[in-house]
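What you see below is based on every heavy atom in this structure, not just the backbone, and it leaves out hydrogens, waters and symmetry mates.
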Amino acid sequence: MAALTQDRQTAHRASREFAFPVEAATKIYGGALVCINSSGRATKGAVSTTLKCVGVADALADNSAGAAGAISVKTKRGTFKFGNSASTDQVTLADVGASAYIVDDQTVAKTNGSSTRSVAGTIRDVESDGVWIEI
């Protein structure tokens, strides 16, 4: 494609709701962190350096007996509350604005765990019962 030489009507959508094909033998619970793996399919959040967080599952997506891409998971983007990691890698208010890292499908941490974790999103607030993450 060449650069524009006139106005164009650019397609757009409100960057909040998406659907992604789910990896084979994978169950993603509603409310879980959803990531795209190196094969381009959705999986639940886990310790890995190759996952890209894309949102939170809108509902259960059970592809535990299916082939890769047999079903899709609906996801939402926004700011969501997740569990805070153990005290040795806990997110604090001083971390607001920094990246949070995926521990599992419902927990985030302050650091990348010695380069073993992927980014979950941006820390927006910290409360006694969890961490608000913008995805």
Side-chain angles (χ1 to χ4, degrees):
M1 292 189 107
L4 291 176
T5 58
Q6 63 186 32
D7 293 343
R8 93 184 262 266
Q9 290 294 324
T10 303
H12 72 282
R13 58 182 171 180
S15 183
R16 289 187 300 247
E17 296 179 1
F18 296 89
F20 299 97
V22 177
E23 185 59 88
T26 299
K27 182 186 281 190
I28 302 171
Y29 291 97
L33 281 164
V34 178
C35 300
I36 297 298
N37 64 18
S38 59
S39 299
R41 288 186 276 283
T43 188
K44 62 185 176 180
V47 172
S48 171
T49 58
T50 60
L51 297 178
K52 293 173 259 178
C53 189
V54 294
V56 172
D58 194 37
L60 174 67
D62 188 355
N63 198 31
S64 53
I71 66 167
S72 291
V73 60
K74 291 182 181 180
T75 64
K76 294 179 183 176
R77 296 181 57 87
T79 304
F80 305 94
K81 188 188 274 189
F82 296 102
N84 203 343
S85 184
S87 60
T88 58
D89 203 11
Q90 198 167 46
V91 178
T92 68
L93 276 172
D95 302 313
V96 169
S99 293
Y101 296 87
I102 301 168
V103 174
D104 58 36
D105 60 356
Q106 67 170 349
T107 311
V108 295
K110 177 179 181 163
T111 71
N112 66 10
S114 300
S115 298
T116 61
R117 300 178 185 137
S118 296
V119 172
T122 303
I123 301 162
R124 293 298 178 207
D125 197 8
V126 180
E127 296 177 344
S128 61
D129 61 343
V131 182
W132 289 93
I133 304 296
E134 182 179 359
I135 301 171

Roughly how far, to the nearest 0.5 Å, is the [atom2] atom of [Y] from the [atom1] atom of [X]?
X: Glu134; Y: Ile123; atom1: CD; atom2: CD1; answer: 12.0 Å
X: Lys110; Y: Asp89; atom1: NZ; atom2: CG; answer: 8.0 Å
X: Ser38; Y: Glu23; atom1: OG; atom2: CD; answer: 8.5 Å
X: Gln90; Y: Ser85; atom1: CD; atom2: OG; answer: 7.5 Å

Ignoring hydrogens and geometry, is there a side-chain-to-backbone donor-acceptor pair from [X] to [Y] under 3.5 Å?
X: Asn63; Y: Thr26; answer: no
X: Ser118; Y: Ser48; answer: yes
X: Asn84; Y: Val131; answer: no
X: Ser39; Y: Arg41; answer: no
X: Asp104; Y: Thr107; answer: yes

Would you list the atom pairs, donor with acceptor, under 3.5 Å between side chains in residues 65-78 and any protein atom, with sequence neighbours excluded?
from, atom 1, to, atom 2, distance (Å)
Thr75, OG1, Phe18, O, 3.3
Lys76, NZ, Asp58, OD1, 3.1

Cluster question for you: counting only ILVMFWY and a side-chain heavy-atom cut-off of under 4.5 Å, with indirect links fine, are [X] and [Y] together?
X: Leu93; Y: Tyr101; answer: no
X: Val56; Y: Tyr29; answer: no
X: Ile135; Y: Val91; answer: yes
X: Val103; Y: Ile133; answer: no

Least distance between heavy atoms, [X] atom then [Y] atom:
X: Ala46; Y: Leu51; answer: O-CD1, 3.6 Å
X: Arg117; Y: Thr49; answer: N-CG2, 4.1 Å
X: Cys53; Y: Ile102; answer: CB-CD1, 4.3 Å
X: Ala120; Y: Val108; answer: CB-CG1, 3.9 Å
X: Phe82; Y: Leu33; answer: CZ-CD2, 3.5 Å
X: Lys27; Y: Leu60; answer: CG-CD1, 3.7 Å

Minimum side-chain heavy-atom gap [X]-[Y] below 4.5 Å:
X: Trp132; Y: Val126; answer: no
X: Thr43; Y: Val34; answer: no
X: Lys81; Y: Asp129; answer: yes

